[in-house]
Amino acid sequence: QITERIIVLFVVINSQEEVQGKYVVCVLFFLWNLLDVVRYTYNMLARTGIHYLPLTWLNFSLCIPLYPLSVLAKAFAICVSLPYFESFGTYSIKLPFPFAFSIYFPFVLKMYLLVLFIGMCFIIQNLFSERKAHLGTGNIKKKRS
């Protein structure tokens with residue numbers, strides 16, 4: 001997760017000044033920080049042995065809708081930056097003759113988008129299983145008398 005954020009922040013957003021002023025960057029930072037505040041607060045209290053039920057519910061429930069939104073914001077930020085990478089040729093390199101190989105960075109970003117959405121599906125499944133393990137199914141069965 002840290003590597004993914006470093007790539008998006010420094011490679012995609014920081015390297016293109018035109019992208020830095022877009023609203024999607026603000027939305028992306030807001031979603032990242034909202035998820036981190038809840039997750040790190042829950043983890044810190046859980047490590048000390050304090051289990052606050054509303055925070056536990058918030059940690060395991062809030063991430064399910066917000067994580068796909070943050071992935072969409074990342075994808076949109078990458079899509080917004082693609083024309084700038086294509087026109088400026090940033091990070092695209094052509095290796096010398098013995099290798100005769102070139103790396104076109106917008107293609108690398110497009111492959112990253114594909115991996116990002118495939119990975120999101122696996123992470124969402126994991127989030128649902130963690131929620132079920134910590135909070136149960138949520139079904140309340142009535143006792144028969």
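This chain uses plain numbering: 1 for the first residue, then up along the sequence.
Atoms CD and CG, on E86 and L109 in that order, are 9.5 Å from each other to the nearest 0.5 Å. Rounded to the nearest 0.5 angstrom, N14 CG and Q20 CD are separated by 5.5 Å. Atom SG of C63 sits about 12.0 Å away from atom CG of L69, to the nearest 0.5 Å.
The two residues L116 and A75 come nearest to each other via the heavy atoms CD2-N, 4.4 Å. The heavy-atom pair separating L35 from S70 by the smallest distance is CD1-OG, 4.3 Å.
Around atom CZ of F29, more than 12 heavy atoms belonging to other residues, nucleotides or ligands sit under 6.0 Å away. Enclosure of atom OH in Y91 by more than 12 non-hydrogen atoms of other residues, nucleotides or ligands within 6.0 angstrom is indicated. More than 12 heavy atoms of other residues, nucleotides or ligands shown are found within 6.0 angstrom of CZ on F117.
Ring-centre distance between Y52 and Y42: not below the 6.0 Å cut-off.
Between F88 and Y84, the angle of the ring planes stays under 30°, which puts this pair in the parallel group of the 30/60° scheme.
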Mind running side chain to side chain contact (heavy atoms under 4.5 Å, CB included) on Q1 and W32 for me, showing each step along the way?
CA-CA 11 Å; Q1 184 181 20; W32 279 351; over 6 Å; no

What's the verdict on side chain to side chain contact (heavy atoms under 4.5 Å, CB included) for K110 and L82, showing C-alpha distance, side-chain angles and the deciding distance?
CA-CA 9 Å; K110 290 174 186 176; L82 279 175; 4.0 Å; yes

